[in-house]
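Report on one structure; see the data block that follows.
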Amino acid sequence: MAQFQSLPGFREFYPDALARRNHIFRLWRQTANTFGFQEYDAPVLEPLELYKTKSGDEIEAQLFSFTDKGGREVALRPEMTPTVCRLVGEKASSLKRPIKWFSIAEFYRYERMQKGRGRCFFQLNADIFGEPGVEAETELIAMLVQCFAGFGLTAEDFYIRLSDRNLWFYYLEALGLDEVRVRGILSAVDRFEKLGDDAFKDYVTQFGALDEWVKAKVLAFLQIKSLAALEAVVAGIPGDKLTARLADWRKLLGNLAAMGLGGFVEVDLGVVRGLAYYTGFVFEAFDRKGELRALAGGGRYDSLVGKLGYGEMPAVGFGVGDMTFALLLEQRGLTPAFVPTTDIYVVIGGEAERAAAFGDIFALRAAGFRVEYPLKDVAFGKQFKMAAESGAKLALIYGGDELAKGVVKIRVLGDRSEHEVPRDQVALAVRDFFAGGAE
RNA sequence: GCGGCCAUAGCUCAGUUGGUUAGAGCACUAGAUUGUGAUUCUAGGGGUCGCGGGUUCGAAUCCCGUUGGCCGCCCCA
């Protein structure tokens, strides 16, 4: 025993755990369908270069990567975005716009195990390609809300923080910073919530001290938590880029409010997201209590498809991981109890009766009923206990007495009532019962 | 990559200053019960005490190493 363990950070799903996972996936899939998204899938193993192209060599350390037997540098996928960009890029000219796609897939990252984080995990990924306007953000944020709300989670349980990398760019440009410095500031903003003032250390070592008045402006901007506050700040700055961008903000927030989702979304310019490929609106979902890591993250990445060598293609997307989400459901008591599901339990008297029952068991199963029976001869009393434990609604009794009379006894396990039906009418009686009949 | 805590049955855990054949509850299997469901009683299976080495007459217990887990940092896709 204990000779073989699963690899560190990898997960095994026993039936009860898989039932919980499937429950989550089922509702996610259903929500995606109601929002008009189509499901796709793609390889788990990809060329290493696909991820280097997107995020740089340093990410290689966090990949499960190796050289295959053909000498190719390959990696287990750590995320879906580059892959889906390739899928869309390849067929861009023949795909009907807007392209609304989703997937539920497993990903791998060579990292230290922590709460809500493992070396393998599942993500729902949803993306819209080909729509440059905030209509795409509207769809995705609305769907993200429903992917949570569908489980009974409310605005008391989670919220979405909405920010905008464009707005940051325009604002910092207006303050006189060039693009390289802007990126440095954004990375500091990203870490400010956790590190406080230390977040600016990297910037200072790279570009030298930051003017106090610029820093003050940055700190004021990242603390903006409402559209009104944003409008007030922008009003004092010349140039029409910022004002034009504010129109997008009003439209997006207006759309979400019209859908009744105002309570789920909060303006929060302190979010910029670390990923280099985001270009516009970005958003992250968190639990209200602030106890868990981010539940979901997403945003616009208009230049990634082009960077991978295809034609320019506007894109927005988000990902939700299964681990932190499952923790939230558990914390709020929203994980349903999964009981074994059987429709019919067949009670069998002995070997002779077994042969008679088998034909009906197979026919009922072929008709779509979930039928169980004891694999070996067991005392009657025991069989009724098993029938009750199986969760079955009906027991069919194939005993010596019944067979002699040419009938099968049907017991309704809920109210313990019993009646006999001729053997050739068993299927009919069963169908009537499950059709909601008065049996 | 760095730091703290931990590892005994499928699960939750006892196990005395080191001392005979390592225990309990839950779960599982069977019997009491040869044609009717909760409870109860009885019995059973399941452990090289994470692994390796050391100290000792003797190690689950003490020491070293290692692997794995939890938590935090770093990083976040």
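Order of the sequence lines sets the chain letters (A, B, ...), proteins ahead of strands, with each chain counted from 1.
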message = Using a 4.0 Å heavy-atom cut-off, does A:G319 contact any base of the nucleic acid, only the sugar-phosphate backbone, or nothing at all?
response = nothing
request  = Using the P atoms only, state how far B:rG19 lies from B:rG10, rounded to an integer number of Å.
outcome  = 25 Å
note = pair_partner(B:rG3), Watson-Crick or wobble, both distances < 3.5 Å, evaluates to B:rC71
message = Taking only the C1' atom of each, what is the distance from B:rU16 to B:rA22 in whole angstrom?
response = 14 Å
ask   = With rounding to whole Å, what would you report as the distance between B:rC26 and B:rC62 at their C1' atoms?
value = 33 Å
message = Suppose we call two aromatic rings close when their centres sit under 6.0 Å apart. Are A:F151 and A:F158 close by that rule?
response = no
ask   = What integer distance in Å separates A:R119:CZ from B:rC76:P?
value = 18 Å
message = Does A:E111 reach a base, just sugar-phosphate, or nothing at all? Heavy atoms under 4.0 Å.
response = base
ask   = Which part of the nucleic acid does A:R77 contact within heavy-atom distance under 4.0 Å: base, sugar-phosphate only, or nothing?
value = nothing
ask   = A:F325 ring centre to A:R20 NZ or CZ under 6.0 Å, with the angle to the axis within 45°?
value = no
Base of B:rG35 and ring of A:F380 stacked, centres under 5.5 Å, planes under 30° = yes
key: Ring centre gap for A:F122 and A:F25 strictly below 6.0 Å   = yes
message = Please classify the nucleic acid contact of A:G118 as base, sugar-phosphate, or nothing, using heavy-atom distances under 4.0 Å.
response = nothing
inquiry  = Tell me which nucleotide, if any, is Watson-Crick or G-U wobble paired with B:rC49 when both distances must be under 3.5 Å.
reply    = none
query = Taking atom P in both B:rC74 and B:rC13, what distance in whole Å separates the two?
reply = 30 Å
key: Donor/acceptor link under 3.5 angstrom from A:Q383 side chain onto base of B:rU36   = no
task = Could you please name the partner base of B:rG19, counting Watson-Crick and G-U wobble pairs only when both distances are under 3.5 Å?
result = B:rC57
request  = Would you kindly give the CE-to-C1' distance between A:M323 and B:rC76, to the nearest whole Å?
outcome  = 15 Å
message = Would A:R119 pass as a cation-pi partner of A:Y110, given that its NZ or CZ must be under 6.0 Å from the six-membered ring centre and within 45 degrees of the axis?
response = yes
inquiry  = Can you check the distance between B:rG3 and B:rU21, where both ends of the measurement are the C1' atom (answer in whole Å)?
reply    = 43 Å
task = Go through B:rC76, B:rG37, B:rU36 for me and flag the one nearest to the A:I397 side chain.
result = B:rU36
request  = Between A:R191 and A:Y110, just flag the one whose closest nucleotide in RNA chain B comes earlier from the 5' side.
outcome  = A:Y110
query = Any idea which of B:rG35, B:rU36, B:rC75 is nearest the A:R411 side chain?
reply = B:rU36
remark   = Result for 5'-nearest mapping on RNA chain B, choosing between A:R112 and A:G381, is A:R112
request  = With heavy atoms under 4.0 Å as the rule, sort A:E402 into base, sugar-phosphate or nothing.
outcome  = base
query = Within this structure, what is the CG-to-P distance between A:L63 and B:rC76, rounded to whole angstrom?
reply = 14 Å
ask   = A:D16 has an atom CG; how far is it from atom P of B:rC11, in whole Å?
value = 13 Å
key: A:R300 side chain vs A:P314 backbone, donor-acceptor pair below 3.5 Å   = no
query = Looking at B:rU36, does its base get a donor-acceptor pair with the side chain of A:R416 below 3.5 Å?
reply = no
task = Using the C1' atoms only, state how far B:rA7 lies from B:rU61, rounded to an integer number of Å.
result = 14 Å
message = Regarding B:rU36, can its base be found pairing with the side chain of A:K382 as donor and acceptor, where the two atoms are less than 3.5 Å apart?
response = no
ask   = In whole Å, what is the span from the NZ atom of A:K376 to the C1' atom of B:rG31?
value = 17 Å
ask   = Which one of A:V430, A:L394, A:I361, A:D360 satisfies the side-chain contact (heavy atoms from CB on, under 4.5 Å) criterion with A:V371?
value = A:I361
ask   = Within this structure, what is the CG-to-P distance between A:D415 and B:rG37, rounded to whole angstrom?
value = 15 Å
ask   = Atom CE of A:M386 to atom P of B:rG35: distance rounded to whole Å?
value = 16 Å
ask   = Relative to the ring of A:W101, is the ring of A:Y40 parallel (under 30°), tilted (30 to 60°) or perpendicular (over 60°)?
value = tilted
request  = Please measure how far the P atom in B:rC5 lies from the corresponding atom in B:rG52, and state the result in whole Å.
outcome  = 25 Å
message = I'd like the C1' distance from B:rG47 over to B:rG23, given in whole Å.
response = 11 Å
query = Whole Å only: how far is the CZ atom of A:R293 from the P atom of B:rC70?
reply = 12 Å
